[in-house]
A.B. asks: 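Handing you a structure now.
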Amino acid sequence: MNNINIGMVFFAVMAIYILISVVTYLKKDHMIGYQVIEGSLSSNNIYTAVALRTEKIITSENAGYINYFATEGGRVAVGNLVYTVDESGQLLEYLKSQGSEEVALSDEDLSELRTQIVNFDSSFDANSFYTVYDFKISLDGTVQKLSNSSILQNIQSLNENSGTLSSIIYKNAQDTGIVVYSTDGYEDLTLQTITAAHFDESAYEKNQLINNTLVKPGDPVYKICTNEEWSIVIQENDPERVKELEELEYVKVRFIKNQDESWGKVSTYTNADGDTFVMLTFTNSMITFCRDRFLSVEIITEDETGLKIPNSAIVNKSFYLIPKDYLIKNNDNSTGVLRDKYDEQGNETTEFIELSIYNETETEYYIDTDTIRTGDILIKPDSNDRYTVSKTDTLIGVYNINKGYADFRQVKILYQNDEYAIVRSNTMYGLNVYDYIILDSSVIDADASNKPVTNSDDSSNESSIDSSGSESSEEEAKTANSDASVEETSEDIPEEENGDELNEGSNEGSELSSS
């Protein structure tokens, strides 16, 4: 005994205590907080759509080297210069000899190039790497077009001093529309002629028309979109979904490429193979997508905005209903009722029970079942009227943890999908933006409302909360009596019994002698 080191014994005991505490902590359920934010939910589907436009292919009447001067994706009027044909092929060499082939791009030209690069980057899919080659060709064509626009300014002065350039033929637009420098064989496609094979992007071939290339008579040189009305076609073989879209007549469409939204008129067609196609027709935005044949689109049939919360946080909870006339409101903003009781000598007395209100109707308040019990007799202030507690109703809500403990808050669901719900904001007894709620209501145990929970990181949307913390202070415990204490989930919600399983010692009020 004389050789025992007291310090070592002390540290050994502390080590065992810490080990037990860690094991106990790991075995307990932990509540995760979720910060309520504003958002929206859509009942939607994302489709790959084929764009249909009124497109006219223009072919060359002469042989020679072609140079484009109209901006691709830009509108031209009748008589505007679109391209030139150099029958001699000496234009570029002549410009080099004159020192006119070098072109300085303006800020507007550079902005066009940046926009094209950003659009490609946002829509690039590594599984469809072949689109890189289309982008390369398209970008090269844009650069050449911008260069030619500057070179065109020198042609007139060069033409006056050189007979070499007399072989240049100017080609102007014969129709008003949007110019596109590519063809793909989809120009004459309609809703009645489209098939499932047209949606196979791997088999899709796009012929990019390159600047300063040799063409012969009859070769396509550009195409022009002559009508602002255009359509997209999606394949949908679910009869119920097709019927839903037909009944809506007009559907909101979000284009994934730039997140623009537009309303399309619905029409459908089922071909001989049994494939059903839905066409959505628009009267604007054609110029934005004139170079795209395939578009990723989101069909939005429901769209609600409010407070976005996960379905796992939603619970159903039962409450007692008491008439409004029986509620007492004190000057310190506390509310409660007078409950009839008998003292040890059998004398009838009353006690004040402080209550929290969770909802109300025109005549009644919703009161937590942990505060009063079935069969309690309530006394109406300044009257001999009595009311026996028995009537119950259920509210849909979540557990709020702003104050460090789980407190029920009613929610009014506007729209709901498999993962989230949109609830109305700024409602009485409801939630507000940036409130913290329990992410998974099933971890609330029987005594969770009497134990504080704290956010480990208030700056994040989700933060770990220990449901097994130390007991709350006397003031917190008094308020927490009305808080959520049943284990419920939005999918499997057990019915609460209206029996006498109540906290006998909760909200003990001062005794008042009965007159």
Side-chain angles (χ1 to χ4, degrees), residues 51-87 91 103 105-113 115-116 119 137-160 165-184 186-189 206-213 215 217-232 258 260 262 281-293:
L52 305 181
R53 295 173 284 265
T54 305
E55 300 169 313
K56 180 180 179 182
I57 297 178
I58 308 300
T59 58
S60 177
E61 299 175 354
N62 309 89
Y65 289 89
I66 190 168
N67 291 278
Y68 295 112
F69 295 97
T71 303
E72 185 177 24
R75 184 179 296 277
V76 295
V78 175
N80 288 161
L81 178 64
V82 179
Y83 68 98
T84 62
V85 178
D86 178 16
E87 293 182 320
L91 174 60
V103 177
L105 299 180
S106 65
D107 291 340
E108 184 178 349
D109 295 337
L110 293 174
S111 177
E112 181 178 349
L113 290 173
T115 300
Q116 192 171 351
N119 288 341
I137 294 172
S138 176
L139 191 63
D140 181 65
T142 302
V143 172
Q144 292 293 338
K145 175 204 63 180
L146 295 175
S147 300
N148 286 348
S149 298
S150 178
I151 292 173
L152 182 63
Q153 300 174 4
N154 300 316
I155 290 181
Q156 297 298 333
S157 59
L158 292 172
N159 232 353
E160 296 173 358
L165 301 181
S166 60
S167 60
I168 295 177
I169 301 173
Y170 296 85
K171 292 296 182 178
N172 300 322
Q174 301 299 313
D175 298 287
T176 299
I178 310 301
V179 173
V180 178
Y181 296 126
S182 64
T183 60
D184 57 9
Y186 282 52
E187 286 79 12
D188 297 324
L189 201 61
K206 182 178 182 180
N207 177 29
Q208 188 71 39
L209 304 175
I210 307 300
N211 189 68
N212 201 32
T213 56
V215 297
D219 286 349
V221 288
Y222 74 95
K223 67 182 176 185
I224 187 168
C225 305
T226 57
N227 195 335
E228 183 66 23
E229 184 176 283
W230 67 295
S231 306
I232 60 171
N258 57 5
D260 284 351
S262 187
T281 304
F282 309 94
T283 57
N284 54 36
S285 305
M286 188 273 291
I287 190 173
T288 305
F289 307 103
C290 63
R291 289 179 283 192
D292 300 310
R293 184 61 68 186

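Quick caveat: nothing in here was measured; it's all calculated off a predicted structure.
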A.B. asks: What pairs with Asn284 under side chain to side chain contact (heavy atoms under 4.5 Å, CB included), at least two apart in sequence or on another chain?
C.D. replies: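 If we apply the side chain to side chain contact (heavy atoms under 4.5 Å, CB included) test to Asn284, skipping adjacent residues, the hits are Ser262.
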A.B. asks: Going by side chain to side chain donor-acceptor pair (under 3.5 Å), name the residues that satisfy it together with Glu61, two or more places apart in sequence or in a different chain.
C.D. replies: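 For Glu61 the side chain to side chain donor-acceptor pair (under 3.5 Å) partners, ignoring immediate neighbours, are Lys171.
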A.B. asks: Write down the atom of Ile57, the atom of Pro220, and the distance for their closest heavy-atom approach.
C.D. replies: CG2-CB, 3.7 Å
A.B. asks: Side chains of Trp230 and Ile287, heavy atoms from C-beta outward: is any pair under 4.5 Å?
C.D. replies: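 With C-beta onward as the side chain, the pair stays apart.
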A.B. asks: How close do Cys290 and Gly73 get, heavy atom to heavy atom, and via which atoms?
C.D. replies: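 That would be SG-CA, 3.7 Å.
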A.B. asks: CD1 of Ile66 to CG of Asp219: how many Å apart, nearest 0.5 Å?
C.D. replies: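 The distance works out to 9.0 Å.
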A.B. asks: Run the side chain to side chain donor-acceptor pair (under 3.5 Å) test against Asn80 and tell me which residues pass, sequence neighbours left out.
C.D. replies: none
A.B. asks: For a quick test of reading the model, state the closest non-hydrogen atom pair linking Tyr186 to Glu55 and the distance between them.
C.D. replies: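 Taking Tyr186 first and Glu55 second, the nearest heavy atoms are O-OE1, 4.3 Å.
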A.B. asks: Testing the basics here: between Val82 and Tyr181, what is the closest heavy-atom pair and its distance to 0.1 Å?
C.D. replies: O-OH, 3.8 Å
A.B. asks: Is there a side-chain contact between Lys206 and Arg293 in this structure, where contact means two heavy atoms from C-beta onward sitting under 4.5 Å apart?
C.D. replies: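 The answer is no, as the side chains (C-beta and beyond) never meet within the 4.5 Å cut-off.
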A.B. asks: Show me the donor-acceptor pairs within less than 3.5 Å that the side chains of residues 221-228 make with the rest of the protein, sequence neighbours left out.
C.D. replies:
{"residue": "Lys223", "atom": "NZ", "partner": "Ser182", "partner atom": "O", "Å": "3.4"}
{"residue": "Lys223", "atom": "NZ", "partner": "Glu187", "partner atom": "OE2", "Å": "3.0"}
{"residue": "Asn227", "atom": "OD1", "partner": "Glu229", "partner atom": "N", "Å": "2.9"}
{"residue": "Glu228", "atom": "OE1", "partner": "Arg75", "partner atom": "NH2", "Å": "3.4"}
{"residue": "Glu228", "atom": "OE2", "partner": "Ser285", "partner atom": "N", "Å": "3.4"}
{"residue": "Glu228", "atom": "OE2", "partner": "Met286", "partner atom": "N", "Å": "3.4"}

A.B. asks: Of all heavy-atom pairs between Arg53 and Phe289, which one has the smallest distance, and what is that distance?
C.D. replies: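 Reported closest heavy-atom pair: NH1-O, 3.0 Å.
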A.B. asks: How would you list, by chain and number, every residue that makes a side chain to side chain donor-acceptor pair (under 3.5 Å) with Asp175, sequence neighbours excluded?
C.D. replies: Lys56
A.B. asks: Once you round to the nearest 0.5 Å, how far does CG of Leu81 lie from OH of Tyr68?
C.D. replies: 12.5 Å
A.B. asks: Within this structure, what is the CG-OG1 distance for the pair Asn119 and Thr288, rounded to the nearest 0.5 Å?
C.D. replies: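 Here the rounded value is 10.0 Å.
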A.B. asks: When rounded to the nearest 0.5 angstrom, what is the spacing between CG in Asp188 and CG in Leu52?
C.D. replies: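 The distance works out to 11.0 Å.
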A.B. asks: Looking only at heavy atoms, which two atoms of Val76 and Ala70 are closest? And how far apart?
C.D. replies: CG1-CB, 3.9 Å
A.B. asks: Tell me, please, which residues at least two apart from Ser231 pass side chain to side chain donor-acceptor pair (under 3.5 Å).
C.D. replies: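 Scan of Ser231 (side chain to side chain donor-acceptor pair (under 3.5 Å), adjacent residues dropped) gives Thr281.
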